[in-house]
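Here is the structure we will look at, set down as structure tokens.
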Amino acid sequence: MKRSEILDAYRRVADAVGGLDVKGAKMPYTAVNGNMFSFVDDQDRLCLRFSEDRKAELNAIHGTTDVVQYGAVMRGYVALTEHVVADAEKLRALFHEAYEHALTLKPKPTKKP
């Protein structure tokens, strides 16, 4: 998939699931209560955050992969396959699940004045 197609699917699902705005120019992302839970990385992969247990399940079920940024595995994040991103229903379900997980995380205060 092209980056533009991935971003279009990402914006549609973010709006449909939580009415969320996708922020960021270089690395588009969504966050709730100060916790980022989804983003599109520089390799044009849509990445979502789950619990570690769920992350392992998704790797086994959907063939998702761990997300590595700056040499470190990002805890709880999986990179979705193009097949999952292309399947609107599956993408919506997984995005909603990641959103619900983010709501359970401890809120982070904003650094903006």
Side-chain angles (χ1 to χ4, degrees):
M1 291 180 83
K2 295 180 183 177
R3 183 173 181 86
S4 61
E5 295 170 320
I6 293 167
L7 291 174
D8 287 344
Y10 183 37
R11 288 186 180 101
R12 278 194 307 273
V13 76
D15 185 53
V17 170
L20 301 167
D21 290 327
V22 175
K23 302 174 183 178
K26 282 190 166 189
M27 187 182 77
Y29 72 95
T30 60
V32 63
N33 296 332
N35 291 295
M36 183 175 74
F37 70 93
S38 71
F39 66 94
V40 176
D41 69 7
D42 59 355
Q43 298 172 25
D44 299 336
R45 299 180 305 168
L46 178 51
C47 305
L48 299 177
R49 184 178 185 182
F50 300 93
S51 69
E52 284 296 318
D53 291 339
R54 183 64 173 141
K55 173 184 168 182
E57 290 174 7
L58 291 170
N59 286 345
I61 296 169
H62 296 294
T64 59
T65 57
D66 292 343
V67 177
V68 178
Q69 295 285 311
Y70 304 104
V73 175
M74 293 183 71
R75 203 174 29 196
Y77 280 92
V78 297
L80 302 179
T81 64
E82 286 186 8
H83 293 0
V84 173
V85 175
D87 184 333
E89 186 176 320
K90 196 174 291 184
L91 178 59
R92 183 177 295 119
L94 290 173
F95 190 90
H96 186 267
E97 185 179 342
Y99 173 73
E100 290 293 322
H101 173 69
L103 289 174
T104 69
L105 301 173
K106 182 179 175 184
K108 291 183 180 178
T110 181
K111 293 181 181 178
K112 293 181 179 179

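Keep in mind that this is a model prediction, so the values were computed, not measured.
Between R45 and F39 there is no side-chain heavy-atom pair separated by less than 4.5 Å. Within the 4.5 Å cutoff, side-chain heavy atoms of R92 are placed close to those of V17. Counting heavy atoms from C-beta outward, L80 and L48 have side chains that approach closer than 4.5 Å. Looking at heavy atoms from C-beta onward, K90 lies out of side-chain contact with H83 at the 4.5 angstrom threshold.
Remark: E97 engages R54 in a salt bridge, criterion side-chain N to carboxylate O under 4.0 Å. Note on D66 versus K55: salt bridge recorded, some NZ/NE/NH1/NH2 to OD/OE distance being below 4.0 Å.
Distance CZ/R49 to CE/M74: 8.0 Å, rounded to 0.5 Å. The CD atom of E82 sits 12.0 Å away from atom NZ of K2, with the distance rounded to the nearest 0.5 Å. Going from atom NE2 of H101 over to atom NE2 of H96 covers 14.0 Å, rounded to the nearest 0.5 Å. For the atom pair OG (S51) and CZ (R75), the distance works out to 12.0 Å, reported to the nearest 0.5 Å. Going from atom CG of L91 over to atom CG of L46 covers 6.0 Å, rounded to the nearest 0.5 Å.
When all heavy atoms are compared, the tightest approach of V40 to D44 is CG1-CA, 4.1 Å. Between V85 and A9, the shortest heavy-atom contact is CG1-CB, 4.1 Å. Nearest heavy-atom pair across N35 and P107 is ND2-CA, 4.0 Å. Across all their heavy atoms, A14 and V22 have their closest contact at CB-CG2, 3.9 Å.
For F95 and F37, the ring centers sit closer than 6.0 Å to each other.
More than 12 heavy atoms of other residues, nucleotides or ligands sit less than 6.0 Å from atom CZ of R3. Remark: E52 CD is packed, more than 12 non-hydrogen atoms of other residues, nucleotides or ligands lying under 6.0 Å away.
Under the 4.5 Å side-chain heavy-atom criterion for grouping Ile, Leu, Val, Met, Phe, Trp and Tyr, V78 is not connected to V68 through any hydrophobic cluster.
Judged by distance alone, with hydrogens and angles left aside, the side-chain atoms of D15 form no donor-acceptor pair with the main-chain N or O of G19 at under 3.5 Å. Using a distance-only test at 3.5 Å, with no hydrogens or angles considered, a donor-acceptor pair links the side chain of D87 to the main chain of E89. Side-chain N or O atoms of T64 include one that pairs as donor or acceptor with a backbone N or O of L58 at under 3.5 Å. The main-chain N or O of L105 is never found under 3.5 Å from a side-chain atom of N33 such that the two would form a donor-acceptor pair.
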Legend entry - Step-by-step side-chain contact (heavy atoms from CB on, under 4.5 Å) determination, L20 to Y99: CA-CA 10 Å; L20 301 167; Y99 173 73; 3.8 Å; yes

Inset, instruction - Determine, stepwise, if the pair L103 / V32 fulfils side-chain contact (heavy atoms from CB on, under 4.5 Å). - result: CA-CA 7 Å; L103 289 174; V32 63; 3.4 Å; yes

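Inspection of the Y10 and S38 side chains reveals an N or O donor paired with an N or O acceptor under 3.5 Å.
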